[in-house]
Participant: 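Right, I'll just put the structure down here and ask away after.
In this text the structure is predicted, and so the values were computed from the model without any measurement. We name chains A, B, ... by the order of the sequence lines, and we start the count at 1 in each one.
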Number of protein chains: 2
Amino acid sequence: MTTKTREASVRTEADTATRERILLEAARLFRHHGYAATTLREVADAAGIKAGSIYYHFESKEQILGEVLDKGIQAVADAVRQRVESLPKDATARMKVAAAIEGHLWGLLHHGDFTSANIRIYGQIPPAAKNRHRKVRREYADYWDALLDEATRRGELRRDIGATVARLFVIGALNWTVEWYNPQKGSFDDFVKQITTIVFDGTFVRE
Amino acid sequence: MTTKTREASVRTEADTATRERILLEAARLFRHHGYAATTLREVADAAGIKAGSIYYHFESKEQILGEVLDKGIQAVADAVRQRVESLPKDATARMKVAAAIEGHLWGLLHHGDFTSANIRIYGQIPPAAKNRHRKVRREYADYWDALLDEATRRGELRRDIGATVARLFVIGALNWTVEWYNPQKGSFDDFVKQITTIVFDGTFVRE
DNA sequence: GTCTATAAACGGATAGAC
DNA sequence: GTCTATCCGTTTATAGAC
């Protein structure tokens with residue numbers, strides 16, 4: 001016999017699958033065409049449903065945008081926290097920053113549609129959507145601030161560079177890799193090694 | 001560079017002024033709202049004319065886009081070439097790259113609406129517009145390639161980092177500064193000094 | 001849950017007056 | 001050169017059938 005509970009749970013799983021597909025295709029289209037230029041018909045088409053059906057899963061286009069943006073940050077933040085927290089307790093600040101860089105690049109490049117969409121369109125979205133998304137961004141930025149503050153206190157960061165400039169420059173540089181990184185031109189591990197070297201020690205040989 | 005929308009012989013100063021105002025406001029709006037989300041009515045409003053009047057100066061919205069994109073690259077490329085070419089003939093590769101960084105940052109930050117618009121929307125514009133703009137981009141990338149090739153031949157660049165990775169990482173990092181640089185938090189010269197230091201020598205103290 | 005049909009508003013582009 | 005008026009396709013969102 002089929003209970004109501006069981007029916008509901010089955011339906012929910014099917015719901016969830018379609019919902020996730022909508023978010024995935026929306027992220028891909030936002031990334032490549034921008035938010036305003038992406039129509040719900042295109043999203044629906046890519047997800048294998050009709051435009052009207054989207055409104056069973058979402059209240060509005062802007063709600064889809066909000067979830068895409070949040071997922072972009074969350075994918076990166078989760079990867080970073082996981083790696084930093086699995087370090088031994090006596091890890092140096094340099095080791096923590098290295099782990100954070102690896103995690104950031106991993107999350108960034110393994111969820112490219114969400115992360116690139118976030119980076120590309122954040123500066124262009126309606127103010128209401130921006131305000132709703134701001135907290136998630138702020139929390140991740142705070143995490144890096146704490147990491148770099150620690151490095152500063154331990155005297156591992158250069159003193160002739162402002163901490164804020166360093167953080168913004170490095171995070172900006174890391175983020176932009178999603179726009180040009182090509183996995184076919186070398187392994188991910190090699191890539192991380194090169195990026196980490198540049199961040200820590202720069203591009204030129206010592207004079 | 002400008003595609004003629006009428007006979008050049010009847011062009012007046014008033015024409016040119018209005019035309020430039022349209023481009024300036026379009027760049028500002030493309031930067032902050034994206035290409036698709038920006039309406040010609042908004043551009044016209046900001047430029048102090050009516051929407052229909054735009055078509056006296058431009059053939060289409062996409063033509064405006066093309067000129068905005070080109071101006072963004074040209075502003076940066078001009079500043080870089082000027083600085084590199086005014087160096088003494090026996091300048092080291094390091095000196096040339098430092099001059100290029102200063103020029104790049106200067107052009108980028110002093111024409112922020114054009115450069116930021118370019119960076120933000122290039123990945124999202126119609127393929128036709130992208131193709132038309134590609135050559136200008138390619139030429140500027142080639143300029144940097146030559147500069148870094150020279151540094152490599154002279155043994156000034158690190159050998160453990162790929163030249164392509166270094167160029168893409170550094171240019172990406174420089175470009176993104178237009179998204180967060182705040183002239184009220186320090187002089188431009190100080191800013192350039194810090195950025196140049198990071199690029200050349202990294203963020204951490206030598207072990 | 002997904003469909004079809006449609007309402008309501010908007011945007012690029014054009015025509016023609018001044 | 002700029003304006004007003006308008007055409008025509010497109011878009012988000014809703015209503016109601018199945």
Participant: Atom CD of B:Glu62 to atom C1' of C:dA13: distance rounded to whole Å?
Facilitator: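 Going from CD in B:Glu62 over to C1' in C:dA13 covers 14 Å.
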Participant: Has B:Lys193 got more than 12 heavy atoms of other residues, nucleotides or ligands less than 6.0 Å from its NZ?
Facilitator: no
Participant: Taking 4.0 angstrom as the limit, do A:Asp45 and A:Arg41 come out as a salt bridge?
Facilitator: no
Participant: When B:Asp113 is tested against each of B:Lys71, B:Arg28, B:Arg31 for side chain to side chain donor-acceptor pair (under 3.5 Å), which residue passes?
Facilitator: B:Arg31
Participant: Taking the basic N atoms (NZ, or NE/NH1/NH2) and the acidic carboxylate oxygens, is any pair closer than 4.0 Å for B:Arg19 and B:Glu67?
Facilitator: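 Answer for the salt bridge query: yes.
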Participant: In whole angstrom, what separates A:His57's NE2 from C:dG1's C1'?
Facilitator: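 Between C1' of C:dG1 and NE2 of A:His57: 6 Å.
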Participant: Without decimals, in angstroms, what is the distance between A:Phe58 CZ and D:dT14 C1'?
Facilitator: 18 Å
Participant: Go along nucleotides 4-12 of chain C 5' to 3' and tag each nucleotide: B for a protein heavy atom under 4.0 Å from its base, S when only backbone or sugar atoms are that close, - otherwise.
Facilitator: B------BB
Participant: Figure out the CD1/P separation between B:Ile54 and C:dT14, and round it to whole Å.
Facilitator: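 B:Ile54 atom CD1 is separated from C:dT14 atom P by 13 Å.
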Participant: For residues 75-85 of chain B, tabulate all N or O donor-acceptor pairs below 3.5 Å that involve a side-chain atom, not counting sequence neighbours.
Facilitator:
{"residue": "B:Arg83", "atom": "NE", "partner": "B:Glu102", "partner atom": "OE1", "Å": "2.4"}
{"residue": "B:Arg83", "atom": "NH1", "partner": "B:Ala79", "partner atom": "O", "Å": "3.1"}

Participant: When the distance from NE2 of A:His33 to P of D:dT10 is rounded to whole Å, what number comes out?
Facilitator: 16 Å
Participant: Quick check, are the ring centers of B:Tyr143 and B:His104 under 6.0 angstrom apart?
Facilitator: no
Participant: Round to the nearest Å and state the distance from B:Tyr56 atom OH to D:dT2 atom P.
Facilitator: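 Distance, rounded to whole Å: 8 Å.
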Participant: Output the rounded distance in Å from CD1 (B:Ile22) to C1' (D:dG1).
Facilitator: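 Atom-to-atom, B:Ile22 to D:dG1, this comes out as 11 Å.
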